[in-house]
Amino acid sequence: MIEKLKTNYSYLLEPDLLEEIEACSILKKVEVGGVFIKPGQYIKSMPLLLEGTIKVSRKDTEGDEILLYFIEKGDTCAMSMNCCMNNSKSQIKAVAETYTELLMVPISKMDEWMIKYKSWREYVLISYQTRLNEVIKTVDSLVFLKMDERLMNYLQDKTKIFHKDTINITHEEIAKDFHTSRVVISRLLKKLEVKGDVILYRNSIKILNL
DNA sequence: ACATTAAGTGATT
DNA sequence: AATCACTTAATGT
């Protein structure tokens, strides 16, 4: 049995199911920045995350992107489950934020397991619930928080993902996630630095108040 | 040494 | 908060 499957899912799913998952799924590895779900694409298998973090975003007709949530190991992408089940096109884009390993489970198994395994039903339900909560969180921050607060949230999220207080990112890249220009981000970061929340370097930012 | 890219800043809307 | 125009600083060749 794949150890990562066991360590990340054994507390969620029953042993029989884990074996079935292993038997019928394909292991997929995605490098940093790899796009593995594109908007408009049909999804024929659903991913279980073993290692790494994935950024899920919504893309509108031309270019504009909005960050929905991050998924980490033990999670699955509720949106792709949704697409699997009613065989519709993907509404989202999924990019590997770090090096990532996934198990791709064929959708044909989904229905079967829903009936057969209680833990699977619960897992699916809980996934939906936590994803929905994540989305609510990002909507909240979008609507209620000021830009500088949003930035700080974002930076703190990043440190959690990379388990480091210094993250490698350019102002330009942040600006893309925030739908704004690089100049604005540079200025906000400068403020945060003066306040003593961060230290700025070239190509990286150190977050202080964790 | 030179070109390229990231970041800082003032002025304008 | 966005855009422009320009400067300064870091990094690669």
Side-chain angles (χ1 to χ4, degrees), chain A residues 28-41 47 49-73 75 77-80 89-102 130-210:
Chain A
K28 194 172 176 181
K29 299 176 179 184
V30 186
E31 295 305 318
V32 176
V35 182
F36 80 99
I37 296 178
K38 294 192 208 88
Q41 171 190 335
L49 201 47
L50 295 183
E51 186 70 62
T53 306
I54 287 170
K55 180 164 88 176
V56 179
S57 55
R58 180 85 236 274
K59 208 170 183 186
D60 85 349
T61 42
E62 269 329 301
D64 278 0
E65 239 174 75
I66 159 159
L67 188 150
L68 290 179
Y69 49 74
F70 292 99
I71 50 184
E72 292 183 276
K73 51 187 171 184
D75 291 334
C77 179
M79 279 308 296
S80 45
K89 286 181 193 168
S90 167
Q91 304 277 66
I92 53 111
K93 184 176 127 183
V95 186
E97 182 78 4
T98 65
Y99 167 76
T100 295
E101 286 177 17
L102 312 147
T130 55
R131 279 321 106 209
L132 186 57
N133 283 338
E134 284 296 315
V135 174
I136 287 172
K137 244 175 62 189
T138 63
V139 170
D140 268 1
S141 106
L142 217 59
V143 176
F144 298 118
L145 292 185
K146 295 197 199 90
M147 269 301 227
D148 55 340
E149 292 171 310
R150 279 176 63 196
L151 227 195
M152 206 58 209
N153 271 1
Y154 173 92
L155 292 174
Q156 280 162 355
D157 276 1
K158 289 273 183 189
T159 59
K160 275 175 212 148
I161 291 166
F162 294 104
H163 321 287
K164 279 188 282 178
D165 59 354
T166 303
I167 53 183
N168 295 319
I169 194 163
T170 65
H171 300 180
E172 187 92 47
E173 288 169 321
I174 301 176
K176 259 189 221 141
D177 279 347
F178 275 73
H179 261 205
T180 178
S181 63
R182 189 226 96 218
V183 192
V184 172
I185 298 297
S186 290
R187 293 207 157 111
L188 288 170
L189 284 170
K190 201 77 217 165
K191 267 198 220 163
L192 290 176
E193 190 179 35
V194 172
K195 247 176 55 181
D197 291 342
V198 297
I199 300 177
L200 303 177
Y201 307 96
R202 182 182 233 247
N203 285 315
S204 65
I205 300 167
K206 183 171 185 170
I207 287 83
L208 295 174
N209 300 330
L210 298 173

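Chain A is the first sequence line, chain B the second, and so forth, proteins listed ahead of strands; every chain is numbered from 1. Nothing here was measured: the structure is a model prediction, and the numbers come from that model.
The salt bridge (Lys or Arg N to Asp or Glu O under 4.0 Å) search around A:D177 returns A:K55, not counting sequence neighbours. Take A:K137 and apply the salt bridge (Lys or Arg N to Asp or Glu O under 4.0 Å) test, not counting sequence neighbours, and it matches A:E134. Annotation: salt bridge (Lys or Arg N to Asp or Glu O under 4.0 Å) contacts of A:E51 (sequence neighbours excluded): A:K4, A:K73. By the ring pair (Phe, Tyr, Trp, His ring centres under 6.0 Å) test, A:Y99 is found to be paired with no residue, residues two or more places apart in sequence or in another chain being considered. Legend: residues meeting side chain to side chain donor-acceptor pair (under 3.5 Å) with A:Q156, ordered by chain and number and at least two apart, are absent. Partners of A:F36 under the ring pair (Phe, Tyr, Trp, His ring centres under 6.0 Å) rule, at least two apart in sequence or in another chain, do not exist in this structure.
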Let me check something: any side-chain donor-acceptor pairs from residues 197-204 of chain A under 3.5 Å, sequence neighbours excluded? List them with distances.
{"residue": "A:D197", "atom": "OD1", "partner": "A:N209", "partner atom": "ND2", "Å": "2.5"}
{"residue": "A:D197", "atom": "OD2", "partner": "A:K195", "partner atom": "NZ", "Å": "3.4"}

Protein heavy-atom contacts under 4.0 Å, written 5' to 3' over nucleotides 6-13 of chain B as B (base), S (sugar-phosphate only) or - (none), form the string BBBBBB--

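Reading DNA chain C from its 5' end, the first and the last nucleotide to sit under 4.0 Å from a heavy atom of chain A are C:dA1 to C:dT11.
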